[in-house]
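Residue indices begin at 1 and follow the sequence shown. All values below were derived from every heavy atom in this structure, side-chain atoms included, with hydrogens, water molecules and symmetry-related copies excluded.
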Amino acid sequence: MARHYRLLSFMRKRLLISFCCTAILAGCASTPHKSDQAAETHESAAQMYQPAKQAMERGDYTSAIRHYEELETRYPYGPYAEQAQLDTAYSYYKSGDSEAAAAAAERFIKLHPANPHVDYAWYLKGIAYYEGIQGAEWNPKPAEEAFSTLQTLATRWPHSPYAVDARLRMAKIIDILGKRNLDICKFYYTRHAYVAAANRCDNVVTRYQLSPSREEALYYLVRSYRHLNLQNQAETVSKVLAYNYPKSKYLGDLGTGN
């Protein structure tokens with residue numbers, strides 16, 4: 001976790017440097033009159049940015065968010081406004097408000113889809129949803145949202161500095177959702193609701209193939225099919241279980257062990 005926070009802090013500093021360089025270049029390219037106006041606006045925005053940055057660095061995220069929002073209200077365009085939007089999402093995340101962090105990151109993504117640092121916004125959105133995951137027995141929506149967001153990041157920006165961490169989190173989410181669906185499958189199975197049990201176990205097998213729960217899900221899928229007198233489907237799934245898990249403890253119970 002400490003490494004994760006260091007990564008966020010380091011990359012946020014890199015983003016600020018990049019935004020400032022962009023602002024300087026933009027000012028140099030303007031006409032003299034526009035350049036004076038741009039320079040004045042840039043200087044004022046920079047002055048407003050400093051107390052927000054200082055508040056964030058000392059961990060006063062409530063004050064930081066207030067300052068960032070005031071800056072964006074007064075100077076809604078330009079590099080400092082964009083940086084403030086990202087820092088607002090980061091501050092919400094660090095303060096523990098995952099829902100607000102995800103919303104702030106999503107806003108940045110919609111406003112600046114071509115921004116060179118939009119991958120960072122996708123990452124913040126993904127880890128904000130990830131922090132909202134309570135476990136396999138809870139509402140699966142945060143886990144599903146986190147997986148979808150992190151998958152977008154890893155697919156669109158495979159070489160992003162955040163892609164490795166995104167993939168690791170995706171693997172954990174697969175474990176969580178796989179276990180949740182397996183638990184629901186077993187719940188239905190013990191109550192003789194074999195159609196519902198089969199559907200849930202099939203969900204584990206097809207959607208969460210890398211989950212450790214897949215082996216047991218195949219077992220309950222075979223048994224559910226047998227109770228439903230779907231012998232051909234049961235035989236097919238039994239062969240899949242034997243092929244993928246030749247030493248499975250469930251094979252003997254199914255009568256397919258060596």
Side-chain angles (χ1 to χ4, degrees), residues 4 98 102 106 119 122-123 125-160 162-258:
H4 165 60
S98 300
E106 174 64 18
D119 60 328
W122 278 98
Y123 180 63
K125 179 184 173 183
I127 62 174
Y129 280 131
Y130 186 89
E131 291 298 323
I133 300 173
Q134 299 297 319
E137 70 279 11
W138 294 76
N139 180 4
K141 186 175 180 181
E144 292 169 350
E145 292 280 9
F147 186 86
S148 176
T149 302
L150 295 172
Q151 186 177 47
T152 298
L153 166 63
T155 301
R156 293 186 185 178
W157 298 276
H159 303 297
S160 167
Y162 316 108
V164 172
D165 188 66
R167 294 187 187 98
L168 291 174
R169 291 172 186 269
M170 287 167 62
K172 292 179 181 179
I173 293 170
I174 287 174
D175 291 353
I176 291 171
L177 292 176
K179 183 180 185 303
R180 181 178 188 277
N181 278 269
L182 175 62
D183 288 344
I184 295 173
C185 165
K186 292 161 72 173
F187 172 85
Y188 284 131
Y189 183 87
T190 58
R191 286 158 178 78
H192 311 294
Y194 301 118
V195 173
N199 286 337
R200 282 293 179 168
C201 282
D202 184 66
N203 208 27
V204 178
V205 173
T206 57
R207 293 190 62 187
Y208 309 113
Q209 296 183 22
L210 299 180
S211 169
S213 299
R214 185 169 182 257
E215 179 185 355
E216 193 173 359
L218 285 166
Y219 166 72
Y220 277 101
L221 187 55
V222 173
R223 297 200 62 172
S224 296
Y225 280 151
R226 287 180 177 177
H227 281 292
L228 294 168
N229 293 318
L230 298 173
Q231 299 304 327
N232 289 337
Q233 290 91 328
E235 182 64 22
T236 298
V237 176
S238 181
K239 289 178 180 179
V240 172
L241 175 62
Y243 179 81
N244 287 277
Y245 306 96
K247 297 182 180 180
S248 175
K249 63 182 181 180
Y250 303 111
L251 293 176
D253 183 70
L254 294 174
T256 56
N258 294 328

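A heavy-atom distance below 4.5 Å is not found between the side chains of C185 and V204. W157 has its side chain within reach of W122: a pair of non-hydrogen atoms, C-beta onward, lies under 4.5 Å apart. When side chains are defined from C-beta on, L177 counts as touching P140, because their heavy atoms get closer than 4.5 Å. In this structure, L150 and I173 have side chains that are in contact, with non-hydrogen atoms separated by less than 4.5 Å. Side-chain contact between R169 and Y129 is absent, with no heavy-atom pair separated by less than 4.5 Å.
Here the CG-CG distance, from L254 to L241, works out to 6.5 Å after rounding to the nearest 0.5 Å. For the atom pair OH (Y225) and CG (L228), the distance works out to 8.5 Å, reported to the nearest 0.5 Å. Taken from CG in L153 to OH in Y162, the straight-line distance is 9.5 Å, to the nearest 0.5 Å. Rounded to the nearest 0.5 Å, atoms CG (L221) and OH (Y219) are 12.5 Å apart. To the nearest 0.5 Å, atom CG of residue N203 and atom CG of residue N181 are 4.5 Å apart. Atoms CG and OH, on D165 and Y123 in that order, are 3.5 Å from each other to the nearest 0.5 Å.
Scanning all heavy atoms of the two residues, the minimum distance from A128 to S98 falls at O-CB, 3.2 Å. Listed here is the closest heavy atom pair of S160 and D119: OG-OD2, 2.8 Å. Listed here is the closest heavy atom pair of A146 and G126: CB-O, 3.8 Å. Across K125 and A102, no two heavy atoms sit closer than the pair CG-O, 4.1 Å. For C201 against Y220, the heavy-atom pair with the smallest separation is SG-CB, 3.6 Å. Contact record, P158 with R167: O-NH2, 3.1 Å, taken as the closest heavy-atom pair.
The salt bridge (charged side-chain N to carboxylate O under 4.0 Å, His left out) contacts involving residues 186-198 comprise K186-E216, where partners must be two or more places apart or lie in separate chains. Pairs engaging residues 200-214 under the salt bridge (charged side-chain N to carboxylate O under 4.0 Å, His left out) rule: none recorded [sequence neighbours left out].
Considering only residues two or more places apart in sequence or on other chains, Y189 meets the side chain to side chain donor-acceptor pair (under 3.5 Å) condition with R223, H227.
Between the side chains of Y188 and N199, not a single donor N or O lies within less than 3.5 Å of an accepting N or O.
Formation of a donor-acceptor pair under 3.5 Å by the T155 side chain with backbone atoms of T152 is not found in this model. Side chain of S238 to main chain of A234: no donor-acceptor pair is present (N/O by atom type, distance under 3.5 Å, no hydrogens or angles).
Salt bridge annotation for K179-D175: absent, with no cationic side-chain nitrogen under 4.0 angstrom from a carboxylate oxygen.
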